[in-house]
Amino acid sequence: MKGPAILAAAFAIFACHSDNPVVPPTNSSVLPMLGNGLVSERYTAEVWVRGNVAYTTTWGSRQAPGNAIKIWDVTGNVPTLVDSVIVPNASTLGDIQTSDDGQLLIVATEFAPGSIMIYSLADPLKPQLISRYNTALTNPGVHTAEVQRVNGTLYAFLSVDPGGGSQARLVIVDLSNPVAPAQVFTAVMGSPFVHDVFVRDGILITALWNQGITIWDIGGAGSGSVSNPIALGNVVTVGGKAHNVWWYHNTVTGEKRFAFVGEEGPGSIGSSSSGDIHVVDVSNFAAPREVAFYHIDGAGTHNFSVDEDRGILYAAYYNGGVRAIDIRGDLSSCDAADKSADGRCDLARMGKELAHWVGDGQQQVYIWGVQLSGGRVYASDMLNGIWKLNPASLPPG
């Protein structure tokens, strides 16, 4: 999930063709492309798919501002635009996510007045606004909003921009009554951003940019709660710029050892990006440690989606397209030839990339988000809208 560092660094955003094209890998297969739903008047941002409906947000300013939610029928191979919802008093939309029961759609808005929009999905193709949550604390802009249930209660975890003389902060909101969401916790955190969070099993992991990632107990480790998170451990990943996190639960082995952290470095839309995927061993919450990484020359990662049954991480890689990475096994153990100088395992050297997709050969792509849903991979492309792909295949054995 979730908004580019381009926003913070005021990079050039109007390039449409790369001066530094990423060379497609030769040791991985190509993800078959099924179809494209084109968006040309706005930059496309996040994607969320539930059933046969996909929702995409828009970002920044192109021919039109980033204030539109696009609604797609993805029953067939080619995503078909069904409707658009214009969000008032918003110039950029970030995260979009449905609740786990499919009843609500939550959208983060920037900049002032920063908020989350809460819609009813009684008709998934026709979201109806229930409420808009905005306070003085969210006003600088809600960059990302993770919606998860903890001990039966639905919460939104809001990463709020710094601005107006205030520092970045996390705001947690109870969505039990979507007509009147209620704040249950807030704290200043991040340097200079709290960019994203990951919530699972009563554990909260915050991506704090140059402060790395911090692991919190919010009910899963015995003493914390959503209203009183207790910090358990922290690690600063190599290079900083901790942007997003996925704590991997291996459904085959039951192992919950590794968290994947995206680093978002400098970039320019349609032209370049930078930043690695960092693998952190979180088997000891009090002492997480980075053990491996994945790097692509000339491209940087953004958001992830993980096929936990098959052990495949799909990463949006901006001008590097979509990459499918084999994350099975002990990622902290590798031959000496596959280690970097600092001792971390290099997943690229280990041949862990299974497949890739860098466009249909006709257009430059700049992939923001990716989601595995219903046996298909959906990619949101800032330049071209939404793509539908077939998933990667695991090697024999």
Side-chain angles (χ1 to χ4, degrees), residues 1-3 5 8 137 143-146 148 150 155 157-162 166-172 184-249 255-265 275-295 300-304 306 313 327 331-332 340 342-345 347:
M1 297 175 173
K2 316 215 181 157
L137 294 182
H143 196 52
T144 64
E146 177 82 2
Q148 295 294 342
V150 182
Y155 296 96
F157 297 77
L158 314 184
S159 297
V160 179
D161 298 326
S166 62
Q167 296 174 271
R169 68 171 53 241
L170 179 70
V171 174
I172 305 177
V184 296
F185 174 80
T186 186
V188 170
M189 61 178 71
S191 176
F193 314 111
V194 51
H195 194 284
D196 205 352
V197 309
F198 192 87
V199 179
R200 193 172 206 175
D201 295 349
I203 299 296
L204 164 69
I205 306 176
T206 52
L208 303 176
W209 211 251
N210 291 325
Q211 290 178 350
I213 63 166
T214 296
I215 303 169
W216 307 79
D217 173 20
I218 55 171
S223 54
S225 66
V226 176
S227 60
N228 182 36
I230 295 177
L232 300 175
N234 170 271
V235 63
V236 178
T237 46
V238 175
K241 304 178 183 69
H243 168 274
N244 61 301
V245 186
W246 189 293
W247 180 23
Y248 170 43
H249 286 23
E255 186 177 69
K256 304 175 183 180
R257 181 180 174 188
F258 297 116
F260 297 86
V261 181
E263 169 196 356
E264 187 173 17
D276 295 343
I277 297 173
H278 300 267
V279 185
V280 176
D281 185 332
V282 295
S283 53
N284 179 358
F285 287 154
R289 60 189 182 93
E290 183 172 345
V291 297
F293 70 99
Y294 177 77
H295 171 84
T301 192
H302 202 221
N303 296 329
F304 309 150
V306 177
L313 182 148
I327 57 172
L331 303 182
S332 70
S340 62
D342 59 12
R344 294 175 298 154
C345 289
L347 301 187

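FYI, the numbering just counts along the sequence from 1. Quick caveat: nothing in here was measured; it's all calculated off a predicted structure.
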Rounded to the nearest 0.5 Å, what separates atom OG1 in Thr186 from atom CG in Leu170? 6.5 Å
Which atom pair, heavy atoms only, marks the closest approach of Ala242 to Ala207? O-CB, 3.5 Å
Side-chain heavy-atom pair Thr214, Met189 within 4.5 angstrom cut-off: no
Would Ile277 and Leu347 count as a side-chain contact (heavy atoms from CB on, under 4.5 Å) if you check the C-alpha gap in whole Å, the side-chain angles of each, and the deciding distance to 0.1 Å? CA-CA 10 Å; Ile277 297 173; Leu347 301 187; 5.9 Å; no
Can you list everything that forms a side-chain contact (heavy atoms from CB on, under 4.5 Å) with Ala221? Sequence neighbours excluded, please. Ile203, Asp217, Leu232
Listed by chain and number, what are the side-chain contact (heavy atoms from CB on, under 4.5 Å) partners of Val226, not counting sequence neighbours? Val150, Tyr155, Ile172, Val184, Ile218
Under 3.5 Å donor-acceptor, Glu263 side chain and Asp276 backbone: yes
Sequence-distant partners of Thr301, side chain to side chain donor-acceptor pair (under 3.5 Å), two or more places apart: none
By side chain to side chain donor-acceptor pair (under 3.5 Å), which residues pair with Ser166, not counting sequence neighbours? none
Here the pair of heavy atoms bringing Gly190 nearest to Gln211 is N-OE1, 3.3 Å
Can a donor-acceptor pair be found, under 3.5 Å and without considering hydrogens, that links the side chain of Asp281 to the backbone of Phe258? no
Side chains of Leu331 and Phe260: closer than 4.5 Å at any heavy-atom pair? yes
Can you find a pair of side-chain heavy atoms, one from Asn244 and one from Thr144, that are under 4.5 Å apart? no
With sequence neighbours left out, what residues match Ser332 under side chain to side chain donor-acceptor pair (under 3.5 Å)? Arg257, Asp330
List in chain and number order the residues that pass side chain to side chain donor-acceptor pair (under 3.5 Å) with Thr237, two or more places apart in sequence or in another chain; answer none if no residue qualifies. none
Between the side chain of Arg169 and the main-chain N/O of Leu137, is any donor-acceptor distance below 3.5 Å? no
Might you point out which heavy atoms bring Val245 and Ala259 nearest each other, and give the distance in Å? CG1-CB, 4.3 Å
Decide yes or no on side-chain contact (heavy atoms from CB on, under 4.5 Å) for Trp209 and His243, but give the supporting numbers first. CA-CA 6 Å; Trp209 211 251; His243 168 274; 4.0 Å; yes
With side-chain contact (heavy atoms from CB on, under 4.5 Å) as the test, would you mind laying out the steps for Val291 and Cys345 before giving the verdict? CA-CA 6 Å; Val291 297; Cys345 289; over 6 Å; no
Apply side-chain contact (heavy atoms from CB on, under 4.5 Å) to Val238 and list each qualifying residue two or more places apart in sequence or on a separate chain. His278, Glu290, Asp342, Arg344
What heavy-atom pair brings Pro162 and Phe193 nearest, and what distance separates the two atoms? CD-CD2, 3.8 Å
Tell me, do Pro288 and Ile213 make a side-chain contact under 4.5 Å, heavy atoms counted? no
Should the pair Trp247 and Phe285 be assigned to parallel (<30°), tilted (30 to 60°) or perpendicular (>60°) ring geometry? perpendicular
I'd like to check the ring-ring contact (aromatic ring centres under 6.0 Å, His included) partners of Phe198; sequence neighbours left out, ordered by chain and number. Trp246
Residue pair Gln148 / Val197, side-chain heavy-atom distance below 4.5 Å: no
Shortest non-hydrogen contact from His143 toward Asp161: CB-OD1, 3.2 Å
